[in-house]
Protein chains: 2
Amino acid sequence: MSNRRTPSARERVSLRAVAELADVSVATVSRVMSHSSHPVAEETRKRVLEAAERLGFQPNQLARALVTARSQTVGVIVHDISDPYFGELVKGLEDEIRADGYRLFVASSDRNPERELEYLRAFDAYQVDALVFAASALEDADYRREVETLVGRFESRGGITLVLSDHFAAGHRVQFDNRAATAAMVDYLVDRGHRRIGFILGPPDLTVSNHRHEGFRRALERRKLSYDPALVAEGSFSIEGGKRAAMQIVSAGEPTAIFASNDLMAIGAIRALLDNGYRVPEDVSVAGFDDMLLAEYAPVPLTTVRVPTYDIGREGAILLRRILAGEDVEDVRLVGEIVERRSVVAPPA
Amino acid sequence: MSNRRTPSARERVSLRAVAELADVSVATVSRVMSHSSHPVAEETRKRVLEAAERLGFQPNQLARALVTARSQTVGVIVHDISDPYFGELVKGLEDEIRADGYRLFVASSDRNPERELEYLRAFDAYQVDALVFAASALEDADYRREVETLVGRFESRGGITLVLSDHFAAGHRVQFDNRAATAAMVDYLVDRGHRRIGFILGPPDLTVSNHRHEGFRRALERRKLSYDPALVAEGSFSIEGGKRAAMQIVSAGEPTAIFASNDLMAIGAIRALLDNGYRVPEDVSVAGFDDMLLAEYAPVPLTTVRVPTYDIGREGAILLRRILAGEDVEDVRLVGEIVERRSVVAPPA
DNA sequence: TCGCGCACGGTAAACGATTTCTACGATCGG
DNA sequence: CCGATCGTAGAAATCGTTTACCGTGCGCGA
């Protein structure tokens, strides 16, 4: 009853305030507020709870984190939070992890190595308990090296790393085999009689693009079909890119089917084909990848590879929960499946 | 079992470690790391920087926040982060605010009052510097009262509140007049000759739904058209809801146009109409609201009201920056515009 | 020559929690 | 009847920073 400091704007309600009102020590208040195992008499507990209620006390998580060395936060890195793919994934993650009292920092790297690194450092500074790589890695040597150092540092301090994408960072992971899924779609097309299959690539600086590309080549090889560069074009994972790439392929190569390595590009391809007098799927079939919500409502309902985005997030959260609880866990593997709609049929005779 | 504290495989690198290595006091290290105005000799500074670099020192933001009472974080509440509307908005916010060193906590309330409150409390506990309501409020009395208490508490401690939606919470705001924008689309339809206009409502427990509804009624009144309940149905802001609502309206009322109060429902409506033998727009026109990325690639390219989602986020961030810098600011007002595509034409003769 | 201001650096008190250690009565087994 | 144990509560150290407050030593104007 002697402590007087500068008359701050408005007193923050701290343990001390509650302690004074309830006429107990801060230790006691802390014990009841944090459900400590240290016994507190029922009567005292009630007094404390009442005081806390009266003052609208909310324990300061920052202070708490400082001493417990657990912030109850998770940092998530995506490429673009406005992309429904990542939105779904983050949602799965959040829905599952929030029950454990964890909160999410989300950061969009915008596919920029600098920016991803900046966020990595920030998350480290904020002492997140876990780091989640929801976005594919970028193809850049300096960046890779730096990511490795940062993640190493982070883990050596007890942080945990979770990878939900084609990212090279070491750590626990929920795997989705992009190569296999891509190959499966090629098989599906070949099985239906297609021999000249166009392929629309994602941006070359994304690991996931390359993995899908590899899946495509391998499947072709396995099916004894040759890889024709004229049938391959880059579409930057965007609708516009898909339009351009589709027209390029169709004019250079006469494909009977075009396989876009994501749905956005597939939608662009369909629109471009339609606008240029091709019938889809009668003249040329189009397949996509992702199965985004609107794939079903594309100009022609899209046959595509379903990526279980929400589940990737959700499984990630479950993994996280178990790791944080100290259990031994194994990586999770999820697979895609082909969703048949109307954009793929047998090639014209 | 072993729920021990820091599994600290290695010492966390703190100011102290750096200080020891550079052979100075922690105060000095702090001063150079935080670019304090307190002078530090060039030679000393270099030694400190070197030591910090060598150890990979990253100042602990939590500790820093504790003493400065500024966490450099912002809490954002949305309904559903997988909804591109919120994705865009959050992106605008993030793109702009990150330069100032702020990080975002994002939380999806899932349109659940309890959940929104839970996040509000959590953000408070994490001492966010600002609270952003990116999602429309919910219509629930208890919840409103509680939000008011919490926000009041938050602000009395110096927190700032920003509203980017139809949310009643007091605070600075970026306004988008949903009533006016809805009315504008009605005018557009009436101007083209439509007299019997169907309307698909959003979920009734969302303030934004009611605002759009009001805009619809008012415009009808202004144009001397009567409000026919048979032409109005609820579509819960989803594709499926849009399908159902459209079929209900069309079978009960014989509209020449259907105005869905968001694009997702409009897309559902178009698909349902098409699948049931109606031609769009020849038999019935369909209008949407939002202008989401894929509106252009709907089965019939959608005529809709453009909501400048990204800009709402961006302007919000700019406002925030200025408020945090202590400037006096005024609310921002953004307006929608009608994007004409192919789903609306004059009614059949 | 004196005194003052300035550049520079250290000491220690916060910030708001958790947790270890200590204290002290009451109960209880031997 | 005494020491051990238990239930309960407070004191104080601690987490990693920032920052107010002091001390130096030095240059310089009067």
Side-chain angles (χ1 to χ4, degrees), chain A residues 1-20 22-48 52 55 57-72 124-127 129 157-158, chain B residues 3-8 11-20 22-48 52 55-72 124-127 157-158:
Chain A
M1 54 217 64
S2 55
N3 235 323
R4 229 158 297 115
R5 279 146 321 191
T6 41
S8 153
R10 195 89 46 150
E11 294 269 327
R12 281 195 185 301
V13 186
S14 67
L15 271 193
R16 246 214 11 241
V18 180
E20 268 159 27
D23 197 32
V24 293
S25 72
V26 295
T28 301
V29 180
S30 165
R31 298 201 255 253
V32 359
M33 296 315 291
S34 59
H35 306 103
S36 149
S37 63
H38 189 106
V40 172
E42 202 37 58
E43 206 269 328
T44 316
R45 172 188 313 278
K46 222 185 321 195
R47 254 193 3 258
V48 169
L55 297 176
F57 172 72
Q58 196 63 243
N60 183 330
Q61 266 297 132
L62 269 33
R64 191 188 290 229
L66 193 56
V67 27
T68 60
R70 285 236 164 275
S71 64
Q72 305 275 106
D124 189 25
Y126 278 103
Q127 312 280 116
D129 295 339
R157 288 188 221 147
Chain B
N3 224 348
R4 300 300 310 153
R5 279 191 28 199
T6 344
S8 72
E11 297 255 331
R12 296 191 105 84
V13 186
S14 67
L15 272 193
R16 248 215 6 243
V18 180
E20 269 158 25
D23 198 32
V24 293
S25 73
V26 295
T28 301
V29 179
S30 165
R31 295 200 257 253
V32 0
M33 295 316 291
S34 60
H35 307 102
S36 148
S37 63
H38 190 104
V40 172
E42 203 37 58
E43 207 270 327
T44 316
R45 172 187 313 278
K46 222 185 307 193
R47 251 189 12 253
V48 169
L55 298 177
F57 172 71
Q58 196 61 245
N60 182 331
Q61 265 298 131
L62 268 34
R64 183 179 282 196
L66 193 55
V67 24
T68 60
R70 284 235 165 273
S71 63
Q72 305 276 102
D124 189 27
Y126 278 103
Q127 311 280 115
R157 288 187 222 147

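Quick note on labels: first sequence line is chain A, next is B, and so on, each numbered from 1.
The nearest whole Å value for the distance from the CZ atom in Arg45(B) to the P atom in dG9(C) is 9 Å. Here dT18(D) presents its C1' atom at 17 Å from CZ of Arg16(B), a figure rounded to the nearest Å. Here dG16(C) presents its P atom at 18 Å from OH of Tyr126(B), a figure rounded to the nearest Å. Per the geometry, CD belonging to Gln72(B) stands 15 Å off P belonging to dT17(D), to the nearest Å. At whole-Å resolution of the value, CD in Gln127(A) and P in dG16(D) are 8 Å apart. In this structure, Leu15(A) atom CG and dA9(D) atom P are separated by 16 Å, rounded to whole Å. With rounding to whole Å, Arg12(B) atom CZ is found 14 Å from dT17(D) atom C1'. Atoms CZ (Arg64(A)) and P (dC15(C)) sit 19 Å apart, rounded to a whole Å.
Axis angle across the helix from dT1(C)-dA30(D) to dG30(C)-dC1(D), with five pairs used at each end and values rounded to 10°: 50°.
The two residues Val48(A) and Val18(A) have their closest heavy-atom pair at O-CG1, 4.0 Å. The minimum heavy-atom distance linking Ala125(A) with Pro59(B) is given by the pair CB-O, 3.6 Å. Contact between Ala69(A) and Arg12(B) at its shortest, heavy atoms only, is CB-NH1, 4.5 Å.
Listed in residue order, the members of residues 24-36 of chain A having a heavy atom less than 4.0 Å from DNA chain C are Ala27(A), Ser30(A), Arg31(A), Ser34(A).
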Distances under 3.5 Å only, N/O to N/O: pair up the protein atoms with those of nucleotides 24-28 of chain D.
none

Report all interatomic pairs (protein N or O, nucleotide N or O of nucleotides 5-8 of chain C) with separations under 3.5 Å.
none

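With hydrogens and angles disregarded, no donor-acceptor distance shorter than 3.5 Å links the side chain of Ser30(A) to the backbone of Val26(A).
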Report all side-chain donor-acceptor pairs from residues 60-67 of chain B shorter than 3.5 Å, counting only partners two or more places apart or in another chain.
{"from": "Asn60(B)", "atom 1": "OD1", "to": "Leu62(B)", "atom 2": "N", "distance (Å)": "2.7"}
{"from": "Asn60(B)", "atom 1": "OD1", "to": "Ala63(B)", "atom 2": "N", "distance (Å)": "3.2"}

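At least one side-chain heavy atom of Arg16(B) sits less than 4.5 Å from a side-chain heavy atom of Ser14(B).
Taking the salt bridge (charged side-chain N to carboxylate O under 4.0 Å, His left out) definition, one finds that Arg31(A) meets it with nothing, sequence neighbours left out.
Checked for salt-bridge contact, Glu42(B) and Lys46(B) miss the test: no charged N lies under 4.0 Å from a carboxylate O. In this structure, Glu43(A) pairs ionically with Arg47(A), as a charged nitrogen and a carboxylate oxygen lie closer than 4.0 Å.
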